[in-house]
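Here is the structure we will look at.
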Number of protein chains: 2
Amino acid sequence: MNIGQAAQKSGVSAKMIRYYEQIGLISPPSRTDSNYRVYGPDEVHVLRFIKRARTLGFSVEETAALLGLWQDRSRASAEVRDIASGHIQALEAKIDELQGMVKTLRHLVHCCAGDNRPDCPILDDLAGTPAGSQTKGH
Amino acid sequence: MNIGQAAQKSGVSAKMIRYYEQIGLISPPSRTDSNYRVYGPDEVHVLRFIKRARTLGFSVEETAALLGLWQDRSRASAEVRDIASGHIQALEAKIDELQGMVKTLRHLVHCCAGDNRPDCPILDDLAGTPAGSQTKGH
DNA sequence: ATAGACCTTCCCATGATGGTAAGGTCAAGG
DNA sequence: CCTTGACCTTACCATCATGGGAAGGTCTAT
């Protein structure tokens with residue numbers, strides 16, 4: 001099948017398939033006489049693997065590692081688990097960071113009257129107004 | 001003061017200060033005869049505002065809006081609150097997404113023996129093994 | 001034969017940041 | 001006065017993953 005159909009079946013855009021080929025994540029497929037890339041079910045399977053890993057937030061580099069392990073018959077599942085565990089930790093750190101932001105913002109929004117007065121504790125905070133004039137006591 | 005000191009006082013790198021000037025987030029400062037940028041306390045204050053907003057996860061575009069409101073004496077704080085509220089929602093959506101990933105990954109890691117057998121439910125999931133053969137029942 | 005859908009490669013853009021290189025400037029000390 | 005080192009300037013390139021588009025070739029159906 002051509003790249004368009006492989007894209008449709010795998011959920012990876014044709015553009016990205018070429019990109020993955022270019023960076024060596026997937027191997028170059030065979031070509032027709034007219035230089036069209038030709039894919040078979042196996043290639044689509046690989047693309048779907050990549051798609052799923054990317055959807056789960058693995059970087060392309062991590063995906064490459066997982067792909068290598070997937071295609072390695074003698075792989076140790078412990079390696080895979082380590083990659084996944086490390087990724088979970090990274091995701092959780094990111095979540096914590098975002099939650100910290102949300103907490104601060106919610107506090108600020110809570111302190112904000114939301115009316116038409118020019119007083120705005122949110123802006124005051126961003127401006128670095130000496131802590132205590134607006135938000136002290138919370 | 002020169003850009004280096006402004007960077008140090010504001011926490012925004014000299015590189016980024018020039019970038020912010022280039023994209024119009026801040027106005028071009030005056031220059032010395034030798035073409036050095038010159039900053040005063042007001043500019044540093046603005047930079048700190050920007051730094052804080054970026055730290056809270058506001059995009060540069062959102063930061064520009066907040067900055068405009070901050071500098072507008074007749075602003076309505078409701079506008080500010082709307083921007084912040086919208087940002088909170090966006091952050092929470094991102095958190096949900098990440099938590100979904102973590103949940104899936106934790107499930108997979110939990111199902112993974114982590115030994116040296118080539119069986120690996122994580123890879124099986126990524127490969128799109130028909131649901132039910134490994135993970136059903138959880 | 002022609003239209004339209006597909007393919008090819010190549011270049012550019014994003015967003016926010018860092019790096020580097022080539023050159024100008026300034027302040028301190030010999 | 002001159003050197004040294006720290007600073008500044010602009011300009012370009014890289015990141016990471018993705019999309020957009022142009023210019024041109026190919027295939028399929030009418």
Side-chain angles (χ1 to χ4, degrees), chain A residues 1-26 28-40 43-44 46-67 87 90-91 94 97-98 101, chain B residues 1-26 28-40 43-44 46-67 87 90-91 94 97-98 101:
Chain A
M1 79 193 78
N2 287 339
I3 199 172
Q5 227 187 332
Q8 205 207 318
K9 285 199 181 183
S10 65
V12 179
S13 72
K15 208 80 178 172
M16 291 312 298
I17 293 177
R18 293 194 197 97
Y19 172 71
Y20 290 151
E21 179 186 332
Q22 188 202 323
I23 65 174
L25 181 59
I26 57 180
S30 52
R31 303 272 187 142
T32 64
D33 288 350
S34 52
N35 206 30
Y36 281 22
R37 288 172 179 83
V38 179
Y39 299 91
E43 280 91 349
V44 170
V46 168
L47 288 171
R48 263 209 271 247
F49 181 102
I50 293 170
K51 176 68 180 177
R52 175 94 172 116
R54 299 286 301 117
T55 299
L56 284 174
F58 288 99
S59 70
V60 168
E61 203 173 346
E62 286 170 322
T63 301
L66 291 170
L67 197 53
H87 186 51
L91 289 177
K94 187 72 190 165
E97 190 191 341
L98 293 178
M101 294 177 190
Chain B
M1 81 194 75
N2 288 337
I3 199 171
Q5 227 187 331
Q8 207 207 318
K9 286 200 181 181
S10 65
V12 179
S13 73
K15 205 84 179 169
M16 289 312 296
I17 294 176
R18 295 194 196 97
Y19 172 71
Y20 290 152
E21 179 186 333
Q22 190 202 322
I23 64 174
L25 181 59
I26 59 180
S30 53
R31 303 273 188 140
T32 65
D33 288 349
S34 53
N35 206 30
Y36 282 22
R37 288 172 179 83
V38 179
Y39 300 91
E43 279 91 349
V44 171
V46 168
L47 287 171
R48 263 209 273 245
F49 182 102
I50 292 169
K51 177 68 179 178
R52 175 91 173 117
R54 299 284 302 117
T55 299
L56 284 173
F58 288 98
S59 69
V60 169
E61 203 175 344
E62 286 170 323
T63 301
L66 291 170
L67 197 53
H87 186 50
L91 289 176
K94 187 74 190 166
E97 192 191 339
L98 294 177
M101 292 177 191

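Naming convention: chains lettered A, B, ... in sequence-line order (proteins, then strands); numbering from 1 in each chain.
- Closest approach of Leu67(B) and Phe49(B) over heavy atoms only: CD1-CD2, 3.5 Å.
- Residues Leu56(B) and Met101(A) approach most closely at O-SD, 3.5 Å, considering heavy atoms.
- Closest of all the heavy-atom pairs between Ile3(A) and Ala14(A) is CD1-O, 3.6 Å.
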(message) Walk me through whether Thr63(A) and Arg54(A) qualify under side chain to side chain contact (heavy atoms under 4.5 Å, CB included).
(response) CA-CA 7 Å; Thr63(A) 301; Arg54(A) 299 286 301 117; 3.8 Å; yes
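- Rounded to an integer number of Å, the gap from Arg31(B) CZ to dC26(C) P is 14 Å.
- Within the 4.0 Å cut-off from OP1 or OP2 of dG19(D), at least one side-chain nitrogen or oxygen of Ser13(A) is found.
- For Ile17(A) and dG19(D), the CD1 to C1' distance is 14 Å, given to the nearest whole Å.
- Put simply, CG on Asp33(A) is 14 Å from P on dT8(C), counting in whole angstrom units.
- Here the closest non-hydrogen pair linking Arg31(A) and Asn35(A) is NH1-O, 2.9 Å.
- Mapping Ser34(A) and Met16(A) onto DNA chain D by nearest heavy atom places Met16(A) at the nucleotide closer to the 5' end.
- Salt bridge present: Glu97(A) and Lys94(A) bring a charged side-chain N and a carboxylate O closer than 4.0 Å.
- Between the side chain of Gln5(A) and the main chain of Asn2(A), no donor-acceptor pair closer than 3.5 Å is present.
- Arg48(A) and Lys9(A) make their closest contact through NH1-O, 3.1 Å (heavy atoms, listed as atom of the first residue, atom of the second, distance).
- Closest approach of His87(B) to Phe58(B), counting heavy atoms only: NE2-N, 3.5 Å.
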Just the atom pairs and distances: protein N or O near nucleotides 13-16 of chain D's N or O, under 3.5 Å.
none

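- We find that NZ of Lys15(A) is positioned 6 Å from C1' of dG20(D), with the value rounded to whole Å.
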(message) Can you build the contact string for nucleotides 2-8 of chain D? Use B for base contact, S for sugar-phosphate-only contact, and - for no protein heavy atom under 4.0 Å.
(response) -----BS
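- For Thr32(A) and Ile23(A), each mapped to the nucleotide of DNA chain D holding its nearest heavy atom, the one lying further toward the 5' end belongs to Ile23(A).
- Rounded to an integer number of Å, the gap from CD of Glu21(A) to P of dC7(C) is 14 Å.
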